[in-house]
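To start, the structure under review is shown below, and the notes come after it.
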Amino acid sequence: MNIQPFTVTIDFAENVMRGADQHNVRRASAMRGYYKDAAALEKLIRDGNDPLHYETFEKHVPEEYGHLLFCISKIQPGVVGNEFFMTKGHYHTKAGTGEIYLCLQGAGYMAMKTAEGKFDAQRMERGSLVYVPPFWAHRSVNTGAEPLTMLAIWPADAGHNYGDIEKEGFPKRFVNRNGKCIIE
Ligand code: ZN
């Protein structure tokens, strides 16, 4: 589909996208089943009034071959038990499609895995550009004290497959041990 060129503004002070079409919010209650310490997550939902976990700001483009989707993804700092806040993680429905993540704020990791069980974690801080190759599921983890904000760009026809990660999980977790992030 042929559409008109357009511009959006990334606000580098607030680390948000101005003029986004869609603002998706995931609260702690959306993360049931993803953290090892389920009781700690329930406590966070109950005592913390189901706090904001992560959010995305997205612009609509046709979800078809040739177009590029992009979003600002922002994960709050925190832990569930001793496990750092993270996104659910996904494969692409068209598994043979990659993605680029540029870190704008904060610190953490891009955790990646393949269906064959390979695992990789790339450190992210402001200015890090992580290349997620085709076939690698990906999840971002905030190990810092401020929001972890990234710009992501991927083929618009890639689609999201969350179900396989919901079943498989990731082989390693990012935990806070005496103030240090340990990948175990
Ligand atoms: Zn993706």
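Start at 1 and go down the list; that is how both ligands and their atoms are numbered. Not measured: the values here are computed from a predicted model. Side chains included, hydrogens not; waters and symmetry mates left out as well; all remaining heavy atoms used.
When only modelled atom types and interatomic distance are considered, His160 and His92 share no side-chain donor-acceptor pair under 3.5 Å.
When you scan the N, O or S atoms of His138 for the one nearest the Zn ion (ligand 1), you land on NE2. Taking the Zn ion (ligand 1) as reference, the nearest N/O/S atom within His92 carries the name NE2. For Glu99, the N, O or S atom closest to the Zn ion (ligand 1) goes by the atom name OE1.
Shown here is Arg123, whose CZ atom has more than 12 heavy atoms of other residues, nucleotides or ligands within 6.0 Å.
At a cut-off of 2.8 Å, His90 coordinates the Zn ion (ligand 1) through an N, O or S atom.
Remark: Asp50 does not engage Arg27 in a salt bridge, criterion side-chain N to carboxylate O under 4.0 Å.
Note that NE2 of His23 is 7.0 Å distant from OG1 of Thr56, once rounded to the nearest 0.5 Å.
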